[in-house]
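These numbers come from a predicted model, not from an experiment. Here is the naming used below: chain letters follow the sequence lines, and residue numbers restart at 1 for every chain. Below, all heavy atoms of this structure are taken into account, side chains as well, without hydrogens, waters or symmetry copies.
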Protein chains: 2
Amino acid sequence: MFELDVRSRKPIYEQLVERLKELIITEVLSADEQLPSVRTLAQQLTINPNTIQKAYRELESQGYIYSIKGKGSFVSPATPNLTSEKIEKVKNELSKLLSEAIYLGITKDELIKLIQKIEAAVGGGVEDDQNP
Amino acid sequence: MFELDVRSRKPIYEQLVERLKELIITEVLSADEQLPSVRTLAQQLTINPNTIQKAYRELESQGYIYSIKGKGSFVSPATPNLTSEKIEKVKNELSKLLSEAIYLGITKDELIKLIQKIEAAVGGGVEDDQNP
DNA sequence: TTAACTGTACTATGAATCATAGTACACTGC
DNA sequence: GCAGTGTACTATGATTCATAGTACAGTTAA
């Protein structure tokens, strides 16, 4: 479920944040579902509990999960709250990447297809399940 | 022209790489145009020449610029050569960011508009100018 | 040729970050 | 109480980042 590259230049905790975000966004992890405990996950991945904690802290600050002392960490049910500022940031990163993609020869049509594919997979977050 | 944040967690040389890529992609810097020398730019930005060199080396390895000993560093005229592998990497990053964007509530229509806007600004790198 | 520029390649140093180890405390649920 | 949970520290070693300094090779114009 987690593929970590310990010799990557990208910090382990960042890899964890990315991977968990992915699982939450694609709804592999459902809302209010309990995540593995800091110690359990650390043991599974044979890394330090502090590293897990750092990833969880980051995810919580970004609104993707919430933690309750003594109980555990859980997937946030709704869209993160940091919306406006966060959205600007994502749009900004997206603009840079899209420019690079076009520069590298990826066509507009390809990009639109990519969006449609992803939208179908993610489902726009909120959906009524009227079109199964 | 260059806005560097020395206290950012993002390394200075990475900020430089990003910014220069942006200027090249948007054709603010033309093909074969000479970049400031390592020492000159370092003096202008009041940072170490080694940091500039690291950024230039990275840009050269990615195919965005080329350097000639004794002459200088110049903007590469064509699309980078690392295409296939590089394209896969960009597509991968793009997928993650697009998923996050959709999750944050940005609609497919907004994303398509963003693409069109960027495509107009960048021009797709190679164009026949048949549709002005 | 000389002088002044260019890129490039080293070594060394200090600061910051990352991951680890270990300890401790507060809370929950059985 | 006890075993689980999150959380907050300190400390240490490895790595990365940016700096300073030196050196060498190539280009260009005086």
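Candidate nucleotides C:dA21, D:dT27, D:dT5 were compared by shortest atom distance to the side chain of B:K71, and D:dT27 ranks first. Of the candidates D:dA18, D:dA20, C:dT20, the closest approach to any side-chain atom of A:T51 belongs to C:dT20. You'll find that the side chain of B:P11 is closest to D:dC17, out of D:dG6, D:dC17, C:dT8. Nearest to the side chain of B:N50, among C:dT6, C:dC18, C:dA9, sits C:dA9.
Mapped onto DNA chain D by nearest heavy atom, B:G70 and A:V38 fall at different nucleotides, with A:V38 at the one closer to the 5' end. Both B:I47 and A:S37 sit near DNA chain D, but only A:S37 has its closest nucleotide nearer the 5' end. In this structure, B:L35 and A:V6 both approach DNA chain C, and ranking their closest nucleotides by distance from the 5' end singles out B:L35.
No hydrogens or angles were tested; on distance alone, nothing pairs the side chain of A:R39 with the base of D:dG4 as donor and acceptor under 3.5 Å.
In this structure, B:Y13 reaches the D:dC17 phosphate: one of its side-chain N or O atoms is under 4.0 Å from OP1 or OP2. Proximity of A:S67 to the phosphate of D:dT7: a side-chain N or O atom is located under 4.0 Å from OP1 or OP2. Checking the phosphate oxygens (OP1, OP2) of C:dA19, no side-chain nitrogen or oxygen of A:N48 falls inside 4.0 Å.
Environment of CD in B:Q34: crowded, with over 12 heavy atoms of neighbouring residues, nucleotides or ligands closer than 6.0 Å.
Between the C1' atom of C:dC5 and the CG atom of B:L41 lies a distance of 16 Å, rounded to the nearest Å. Taking atom CZ of residue A:R9 and atom C1' of nucleotide C:dT17, one finds them 17 Å apart after rounding to whole Å. Taking atom NZ on A:K10 and atom C1' on C:dA19, their separation rounds to 17 Å, with Å as the unit. Per the geometry, NZ belonging to A:K54 stands 15 Å off C1' belonging to D:dC9, to the nearest Å. To the nearest angstrom, P of C:dG7 lies 13 Å from CG of B:L59. Rounded to whole angstrom, the span from the CD atom of A:Q53 across to the P atom of D:dT5 amounts to 14 Å. Remark: C1' of C:dA19 and CG of A:L4 are 13 Å apart, rounded to the nearest angstrom. Following rounding to the nearest Å, B:F74 (CZ) and D:dG26 (C1') show an atom-to-atom distance of 13 Å.
With contacts defined as side-chain heavy-atom distances shorter than 4.5 Å, the pair A:I112/A:K108 qualifies.
Remark: A:T46 OG1 to A:L41 CG distance equals 10.5 Å, nearest 0.5 Å.
Here A:E60 lies in heavy-atom contact (under 4.0 Å) with sugar-phosphate atoms only. Residue A:T40 is in sugar-phosphate contact alone, with no base atom involved, counting any heavy-atom pair closer than 4.0 Å across all strands shown.
By the 4.0 Å N-to-carboxylate-O rule, A:E110 lies too far from A:K113 to be salt-bridged with it.
Checking A:K86 against A:Q62 by side-chain atom types alone, a donor-acceptor pair falls below 3.5 Å.
When all heavy atoms of B:Y66 and B:V75 are compared, the closest pair comes out as CE2-O, 3.3 Å.
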